[in-house]
Amino acid sequence: MSAGPYNYSYIFKYIIIGDMGVGKSCLLHQFTEKKFMADCPHTIGVEFGTRIIEVAGQKIKLQIWDTAGQERFRAVTRSYYRGAAGALMVYDVTRRSTYNHLSSWLTDARNLTNPNTVIFLIGNKGDLDAQRDVTYEEAQQFAEENGLMFVEASAKTGENVEEAFLETAKKIYQNIQDGSLDLNAAESGVQHKPNGGQAGAGGRATLNNSSAGQTRENCSC
Amino acid sequence: MALLDDENRLTVEFTSVSTGADFTEYNIIVHVGNVQWAVKHRYKDFQCLHQRLTTNHGISKHLLPPKKIIGNKDPTFIERRRIDLQAYLQGVVALMQRAIADELAEFLLLPQYEMLYLGRSLASDQRFTSHQKQTQLTVLEMHAVSTIELCASHPTSGGMHDMVQLAEGAARMRSLTITGSWHKWRESNIIPNELEFNFNLFKKLHMLHLQDCNVLKITDASSLRRSLVKLNAPGCGLQRICDLLLCDAVHRYFSEEDMEVLQSLPQWAPLKDLNLSNNAIASIDLSVSLCRKLETINLSGNKLSSLDYLTKLPYLISVVASNNSIVELPDLHTKLGNLVHLDLSRNKMRSLIGLACLYSLVSLDVSSNLITDIKEVEHLSKLPCLEDVVLTGNPVATIVDYRTKVLECFGSRCSEICLDLERPTQRELDKVAVLQALRSAKESNVSKLPVLSMTSPVLPLQVTASSTVLMPVPDLATAVEEATKLE
Ligand SMILES: Nc1nc2c(ncn2[C@@H]2O[C@H](COP(=O)(O)OP(=O)(O)O)[C@@H](O)[C@H]2O)c(=O)[nH]1
Ligand SMILES: [Mg+2]
C-alpha cells in the first residue's frame, strides 16, 4: 500500500481570502469540525484544513488554505492563490469596510489564480442581522457584475457554510467534466488520483467508516 | 581594452632573444594602448611575412635584413640582427598603421588579442554562422562582440558588416554559456574579468550560464531581462543578489524605503529559474522582487543565515539553500508561502519547529544538520502534503529504531512518507501500527492521569482497527515484542 490507493479520487485546493476578522478561520473550522470556535486565534501567515466530500458519487478531498487577512501577511498569502481551484472570498455583513475591500481582494485573486478558478463570495456573520451594514441585494449585484457565486452564511450557526464549500466543488467538478478545466495544466489546483474512491482498498480505507464519506482531518485554526 | 584606433596605435618592441641548439627566437611585445602581448618569431617567419608583403602589398624587397648562414649563432651578430629586425617590423607597422595587412595582423596575433580583429573572426565563426543548441563564449569574446556593437554605431568605422553578421548569429542563440577568468589571457596582460560586456545583440536568450564571470562588468542586461527564463551564476564571487540582477544599474542596493523606486525598475519578467549557488551571498536582498515569476531559486553554498524577502515571489515552488549557515528559521511560513520543495541540507539547524506550518511542502531535505531529538520530527507531522523527507546525516538518524520512530510521527499518513529516499517497508508499517495501537490503548487507559508524553497527539483512533487487521498474523507476536522493546 505504498503510495495509496487513496480513498478519494480528486484533490481540490481552496484558498479563503478577505479582511482580518471577517470569520475566515471560523468558516473553515465550522466546515471541517462542524463547530463554532468563538475565540479563534489570529491566523499567522496561513493555516490549513482538509475534509473529504462527495460530488456526483466521487470522493473529493478539499485542501483548504486559510490565509491571514492582515496587510503584513499579504505578500506571503498571495503565493497561495497559485494552484487554487477555488477561492472563497469573505466579507463581514456587519462591517462595511470589509465589503469595500472586496475589489482589491478580487484583483489579487484574478491576477494570481488561473482563469478557471471558481471564486465564491461569502457574506459572513449572517446571524447578526441587527448589526447589518451591507445589504444582501447590493452584494448580490456585486457578485453578478463580477461573475461570482454568492451566499450569505454564518460560521456561528453553520448556515450556508456547507453549501458554499460544496457549491464551489460542484462548479469545479463541472468544469472538469465539460473540459474547461485542464487537469494536466500546472496549477489547475486539481489533482486526480486514479485509484481513489474504492472503499476497502488499502490501509487508509478505515476513513470511509465515518458517515456519508465526510471525514474530518486535522484543522488547525 | 585592446582596440586599435587613432588614440591607441600599434607599436612593437623586441625585448629579448631566446636561443636553443638549432634556433634563435625573437621575443616581441606588441602594444595597443595599454594592452600588450608577447609574440615569438624566428628569422624564417620574418622571411615568410616579408615575401607575402612584397608580393601582395608592394613592400620594398630590400627592407628585410639579409639571411646569413655561417656564424649566425654569434652573440654580436644576433644582437645586431635583433635591432635590424626590430627596425624592419617597426617600419612595416608604421607604413601600414592605417590599413594593416591581414598577413601582418596574423603575424602579430591581432585576432587573438585585438577586439576588432577578434570580433571579425567571430563573425565568421560557426558559433555565429550556424544554429547551435548551446553556445559557449568567453568573456573576451563577449567583450569583442560588445566592442563591435559599440563601434558600429560610429559611422566612420568599417565594422558594419561584421556587426550585422554577429547580430544575426547572436539573435539565433537561445542558450549561452559565458566563461570568465581572473587570470591573464594567454601571453597578454588582459584580465578577462576586467573587461566590460553587454548583451545588446543577444535578444532571444532563454538560458544564460555565467561561469566564473565578473557580473559587475555587464554594462547592459536589458535584453536579458526581456527574454531569459533561466539564469545561472554559480561561483561568480557574488556578495549580493542585486549585483547580478541590477548589474547594469548605477544604484544597486535598495532598502524597504526605496521599494517604490525598485518597483519602477525593469523586471526580469520571464525569469523562472535562478541559480546563485557557490557565491558569497550573506543575505537575500529586495532585488529578488524583480523576478516576480521566479519558481526555483538555488542559493546553496552561500553564507545565508536566514531566508528573507522571498514572500515577494508568489510563484516560488522550490528553494535550495543547502550548505549555508542556517541555524534556525522561525515561523518560516510567514516568509515563504506555498512552497513545494525545500532543501536545507548541510546547515546547522537544531530544530524544525519553524517549518511546522509550511503546509504546502511536498519534499523536505534537512539532511546533515544538527537535529538530535525525534521530537523535532514531530513538528513536521501536520504537514498534509509532505511525501519526501530526508534526515540522514543528523544525530537523530543514529538512534535505535530511527525509521519506525520517524514514521510513527506521521500517524495515519506514515505509509505515504518516503523517508531518506526509501518507502517504508511492510514490516516497518506493521511495527508502526503496533506502536500506534499500544500508544492509543495506553492513552485511553491512563487518560485520567497527569499528562504522559505522547509522541503523536494527533493520532487518529481509526488506524488501530484497520492496521491490526492488515497485519499478517504470524508476524504479530514479533512485531508486538519489538514494539514493546521500543517503549
Ligand atoms: N456572530 C458571529 N461571529 C463570527 C462569525 N464568524 C466569525 N465570528 C467572530 O469573528 C471574529 C473573527 O473571526 P476569525 O475567524 O478569526 O476571522 P479571520 O481573521 O477572518 O480568520 C471572531 O471573534 C469570531 O468569533 C459568525 O458567523 N457570526
Ligand atoms: Mg483567521
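Below, chains carry the letters A, B, ... as their sequence lines are ordered, and counting in each starts from 1.
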Step by step, work out the side chain to side chain donor-acceptor pair (under 3.5 Å) result for A:Asp66 and A:Ser25. CA-CA 6 Å; A:Asp66 167 28; A:Ser25 300; 2.6 Å; yes
Region of A:Asp108 that comes under 4.5 Å of a non-hydrogen atom in chain B: neither
Could you tell me if the side chain of B:Ile317 sits less than 4.5 Å from the side chain of A:Arg82, heavy atoms only? yes
If you draw the axis of the six-membered ring of A:Phe165, does the NZ or CZ of A:Arg51 fall within 45° of it and under 6.0 Å from the ring centre? no
Chain B: which of A:Phe73, A:Trp65, A:Tyr80 shares the most heavy-atom pairs with it under 4.5 Å? A:Tyr80
Answer yes or no: does atom NZ of B:Lys272 have more than 12 heavy-atom neighbours from other residues, nucleotides or ligands under 6.0 Å? no
Counting only heavy atoms closer than 4.5 Å, note whether B:Ser360 contacts chain A via side chain, backbone, both or neither. both
